[in-house]
Q: 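This structure is in C-alpha cells; I'll ask about it shortly.
Just so you know, residue 1 is the first one in the sequence shown, and it goes up from there. Only heavy atoms go into these numbers, but all of them, side chains included; no hydrogens, no water, no symmetry mates. All values reported here derive from a predicted model rather than from experimental measurement.
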Amino acid sequence: MFIHLDLDCFFVSAHRTLDKSLENIPVAVGGRSNLNIFSSDKIVRKISENKGAFVSTILTNEGEKTFKDYFVDENGKIRGIITTCSYEARGFGVKTAMSVNEALSLCPKLKMIAPNYPLYHELSHKLLEILKLEIPLVEQFSIDEFFGDLRGYVKEEDIVEFSMNLKKKIEKELDLPISIGIAHSKYLSKLMTEFAKPDGVKYVKKEHMKSFIKDIPIEEFPGIGKGYQQRLKGYGIKTLGDIEKRKALFYSWKKPGIELYNRITGENDTNIIQHRDKKSIGIGRSFDPIYDRSEIKRRVVILSRYLCFLVKKAKVNPLTYAIKIKYDSKLKSKDYINVNRIFNEEDFKRFVIQLYSKNDTHPTHGVIQLNLTVSNFSKSTEFTSNIFEYESDLKKRELTNKLQILREKYGVDIIKTASELEEKNH
C-alpha cells in the first residue's frame, strides 16, 4: 500500500503555528519577485537544509514585514500574487496565482502575509525526519508533499489506523494539519488525497478503485496538464474511466502515454524516488522595465554570483550555461554556450556577460526578466587538453572554493565585485 501526505494550506498553516490569531479567519500568503538580491543593503539569508530538485537553496524571510512594506510599491500600487490561501479565504473565491489586488476585492478582510521561507523549509525538513522514522521508504515530492511505501510493513486492514496515528503525531509535534490519501499504487494515493482534504484520510481498496475513479474528470488527475487535456478531449476522453478503456491508444504514444495509463489504472506505479538529483540549476528575477543596460549588466553579474554559489553548494561541474531575457514588449531572447573546463566564478561570470551582450537583441526595449541556468553536469575532473589552461582553471577553482567557504559562513553577499556595487534607482 502507498500513502500520499499533503500539508493543508501549508504556508498559511506554518504562520498559524507562530500566531494563533490567524486561525479561523481568511488568510493568504502572497509573493513578489525577490529583488533584494540587487540591493546594496545587508540582507540576512539562510541556506535550506532540504535536499532535492524542488527546493531553493538561498532563503529569505519577508514574514516580519507589514502589508505596506511588502505588498505596496513606491508608487502606492499593490503588487504580488497569492501563493497559498486558507479555506476560509477560498470560500470568498480567493485562489492560488490570483493577484493580491483581485483577492482583496473579493475578500476585503483578507489577512495578507509576506512569506517566511526559512520557516517553511524548517517545518518541511522536520516533517521529513518524522516520516523517515515511521515509514520504510519515503519520497519528498515537493516542499509540502510526500509519498510513503508501506508494502510489507503495514497490513492492509491496519492501514487506516496507521495513517490516522501518523496524522495525529504530525499535528502534535509540528502543529500542522495534513491530509493523507491511501491506495494500492503511488499516483492513485495522490489522487485520494484530494478526497481527504481538508485535514482527513481517504482510503479506497484496490477492488473498488475502478468504479470509484471512472467518472472523475481527467483534469483532476495529478500530472495531466491543460495541453494534454485538450489532446485527450480531442479523442473524446473526458474521464479517468474513458482512459482505462483506451489502453491501445495510450500504449501507441510510447513512454508518456504508457506512464500515464499505468498511473491511472494503478499498474506498475510503485517507484519511490528517495533521492532526486537536479539536472539543472537556475536563478531568475522579474522586475519593472529597465532600459539602462549598465544596470542590467550589474544584475546579470549579481545573478551569476548567486548561481555560482548554488553550483558550488550542489558540488557539480556544469558544462552548459544558458540565459533568457524577457522584454516589456513581450519579446524574448535566449541562448546557451557549451564549455569544456573546470567551473569557477571568474570564467562563469565572463561567459554569462558575453551571452547577455550577444543576446540583448532589442537594446531599446525595457528588460523585465532575467533567467540564468546551468546544466549538463560532468563527473570528470579534466576538461581541457591544454596544460596551461588546465592549471589556470585549477587556480581559479581554488579561489572559487575559498570564496564559497566564506559565503557559506558569513553569507552570500560577504564578498562582491566592484561591478555589483553601483546600485541605480528604477
Side-chain angles (χ1 to χ4, degrees), residues 1-14 16-17 23 50 52 54 84 86-87 90 120-214 216 220-223 240 262-276:
M1 301 301 295
F2 290 81
I3 63 172
H4 174 259
L5 306 97
D6 190 351
L7 290 162
D8 294 328
C9 312
F10 176 43
F11 290 1
V12 169
S13 297
R16 284 173 168 172
T17 66
E23 294 186 351
N50 285 22
F54 66 92
T84 308
S86 67
Y87 282 98
R90 294 178 194 184
Y120 311 149
H121 283 254
E122 178 187 0
L123 290 172
S124 178
H125 183 67
K126 286 181 177 179
L127 176 53
L128 177 61
E129 294 306 305
I130 291 174
L131 296 180
K132 284 180 178 178
L133 293 175
E134 300 291 331
I135 301 172
L137 291 175
V138 179
E139 173 184 341
Q140 181 151 18
F141 190 67
S142 70
I143 193 171
D144 58 354
E145 289 183 82
F146 303 80
F147 286 106
D149 184 350
L150 295 172
R151 291 174 298 172
Y153 184 70
V154 179
K155 294 180 180 179
E156 185 173 354
E157 58 266 28
D158 299 327
I159 192 73
V160 173
E161 182 182 2
F162 173 87
S163 299
M164 291 296 296
N165 290 335
L166 180 58
K167 177 176 162 55
K168 291 176 183 177
K169 181 180 179 70
I170 294 166
E171 291 171 347
K172 180 180 179 181
E173 296 192 16
L174 300 181
D175 195 21
L176 291 172
I178 195 164
S179 298
I180 302 178
I182 312 167
H184 66 279
S185 66
K186 181 177 169 181
Y187 272 83
L188 285 176
S189 71
K190 181 171 169 60
L191 178 64
M192 292 305 102
T193 307
E194 295 303 312
F195 295 90
K197 293 180 180 181
D199 198 24
V201 173
K202 179 65 177 180
Y203 170 47
V204 174
K205 292 184 177 181
K206 183 176 182 179
E207 56 266 32
H208 300 149
M209 187 63 74
K210 183 176 179 179
S211 60
F212 183 86
I213 70 170
K214 67 181 179 68
I216 295 176
E220 293 187 20
F221 192 83
L240 300 185
N262 289 345
R263 286 179 178 180
I264 289 170
T265 59
E267 298 177 17
N268 302 316
D269 183 22
T270 59
N271 186 24
I272 289 287
I273 303 172
Q274 291 185 282
H275 301 285
R276 290 178 177 269

Q: Should His184 and Glu156 count as side-chain neighbours, where that means a heavy-atom distance under 4.5 Å?
A: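 The answer is no; the side chains never approach within 4.5 Å.
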Q: Under the criterion side-chain contact (heavy atoms from CB on, under 4.5 Å), I'd like the reasoning laid out for Leu7 against Ser13: C-alpha separation, chi angles, the key distance, then a yes or no.
A: CA-CA 8 Å; Leu7 290 162; Ser13 297; over 6 Å; no
Q: Where is the tightest heavy-atom contact between Ile182 and Ile159, given as atom of each residue plus distance?
A: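 Taking Ile182 first and Ile159 second, the nearest heavy atoms are CG2-CG1, 3.5 Å.
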Q: What's the separation between atom CD1 in Ile143 and atom CD in Gln140, rounded to the nearest 0.5 Å?
A: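 If I round to the nearest 0.5 Å, the distance is 7.5 Å.
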Q: Atom CD1 of Ile178 and atom CG of Leu5: how far apart are they, to the nearest 0.5 Å?
A: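 Ile178 CD1 to Leu5 CG: 4.5 Å, rounded to 0.5 Å.
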Q: How far does CD1 of Ile264 sit from OG of Ser185, to the nearest 0.5 angstrom?
A: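 Output value for this atom pair is 10.5 Å.
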Q: Testing Val138, Leu137, Ile3 for side chain to side chain contact (heavy atoms under 4.5 Å, CB included) with Asp149, which one passes?
A: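 The side chain to side chain contact (heavy atoms under 4.5 Å, CB included) with Asp149 is passed solely by Leu137 among Val138, Leu137, Ile3.
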Q: How many angstroms lie between atom CZ of Phe146 and atom CD1 of Ile130, to the nearest 0.5 angstrom?
A: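 If I round to the nearest 0.5 Å, the distance is 9.5 Å.
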Q: Measure the shortest side-chain to side-chain distance between Leu188 and Phe221 over non-hydrogen atoms and say whether it is less than 4.5 angstrom.
A: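 A side-chain contact exists here, since the closest heavy-atom pair is under 4.5 Å.
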Q: Would you call Glu145 and Lys190 a salt bridge, using N to O less than 4.0 angstrom?
A: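 So Glu145 pairs with Lys190 through a salt bridge.
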Q: Report the C-alpha separation of Phe2 and Met192 in whole Å, then their side-chain angles, then the decisive distance to 0.1 Å, and conclude whether the side-chain contact (heavy atoms from CB on, under 4.5 Å) test is met.
A: CA-CA 11 Å; Phe2 290 81; Met192 292 305 102; over 6 Å; no
Q: State, with a plain yes or no, whether a side-chain heavy atom of Phe162 is found less than 4.5 Å away from one of Met1.
A: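 No. Closest side-chain heavy atoms not under 4.5 Å.
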Q: Might you point out which heavy atoms bring His4 and Asp6 nearest each other, and give the distance in Å?
A: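 Scanning both residues, the minimum pair turns out to be CE1-CB, 3.9 Å.
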Q: Can you find a heavy atom in the side chain of Glu122 that is under 4.5 Å from one in the side chain of His125?
A: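 Side chain of Glu122 against side chain of His125, heavy atoms only: no contact under 4.5 Å found.
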Q: Within the structure provided, determine whether Leu166 and Leu131 are in side-chain contact (heavy-atom separation under 4.5 Å).
A: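 They are in side-chain contact.
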Q: Which heavy atom of Gly181 sits nearest to which heavy atom of Thr193, and what is that distance?
A: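 That would be N-OG1, 3.2 Å.
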Q: For the atom pair CG (Leu150) and OG (Ser189), what is the distance rounded to the nearest 0.5 Å?
A: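 The CG atom of Leu150 sits 9.5 Å away from the OG atom of Ser189.
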Q: Under 3.5 Å, side chain of Thr84 to main-chain N/O of Phe10, donor-acceptor pair present?
A: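 Answer holds: no.
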Q: Could you list the residues that satisfy side-chain contact (heavy atoms from CB on, under 4.5 Å) with Lys214, not counting sequence neighbours?
A: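 Once residues adjacent in sequence are excluded, Lys214 has no partner under the side-chain contact (heavy atoms from CB on, under 4.5 Å) criterion.
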Q: Is there side-chain contact between Leu174 and Thr17, with heavy atoms separated by less than 4.5 Å?
A: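 Contact flag for Leu174/Thr17 side chains = no.
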Q: Begin with the C-alpha distance, continue with both residues' side-chain angles, and end with the deciding distance and a verdict on side-chain contact (heavy atoms from CB on, under 4.5 Å) for Arg16 and Cys9.
A: CA-CA 10 Å; Arg16 284 173 168 172; Cys9 312; 5.9 Å; no
Q: How close do Tyr153 and Glu134 get, heavy atom to heavy atom, and via which atoms?
A: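 Shortest heavy-atom contact: CE2-O, 3.3 Å.
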Q: Apply side-chain contact (heavy atoms from CB on, under 4.5 Å) to Phe11 and Asp144, showing your working.
A: CA-CA 9 Å; Phe11 290 1; Asp144 58 354; over 6 Å; no
Q: Salt bridge (charged side-chain N to carboxylate O under 4.0 Å, His left out) with Lys210: which residues, sequence neighbours excluded?
A: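 Glu244.
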Q: If the plane angle is over 60° it's perpendicular, under 30° parallel, otherwise tilted; pick one for Tyr187 and Phe147.
A: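 Aromatic pair Tyr187/Phe147 classed tilted.
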Q: In Å, rounded to the nearest 0.5 Å, how long is the span from CD of Glu129 to NZ of Lys132?
A: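 Interatomic distance, Glu129 CD to Lys132 NZ, rounded to 0.5 Å: 4.5 Å.
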Q: Output every pair passing salt bridge (Lys or Arg N to Asp or Glu O under 4.0 Å) with a member in residues 176-187, not counting sequence neighbours, ordered by first then second residue.
A: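 For residues 176-187, and leaving out neighbouring residues, the salt bridge (Lys or Arg N to Asp or Glu O under 4.0 Å) pairs sorted by first residue read Glu139-Lys186.
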Q: Among Lys169, Lys167, Lys168, find the residue that satisfies the side-chain hydrogen bond (donor to acceptor under 3.5 Å, both in side chains) test when tested with Glu171.
A: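 Testing each of Lys169, Lys167, Lys168 against Glu171, the sole residue satisfying side-chain hydrogen bond (donor to acceptor under 3.5 Å, both in side chains) is Lys167.
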Q: For Asp8 and Ser179, does a side-chain donor sit closer than 3.5 Å to a side-chain acceptor?
A: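 Yes, because at least one side-chain N or O of Asp8 sits under 3.5 Å from a partner of the opposite role on Ser179.
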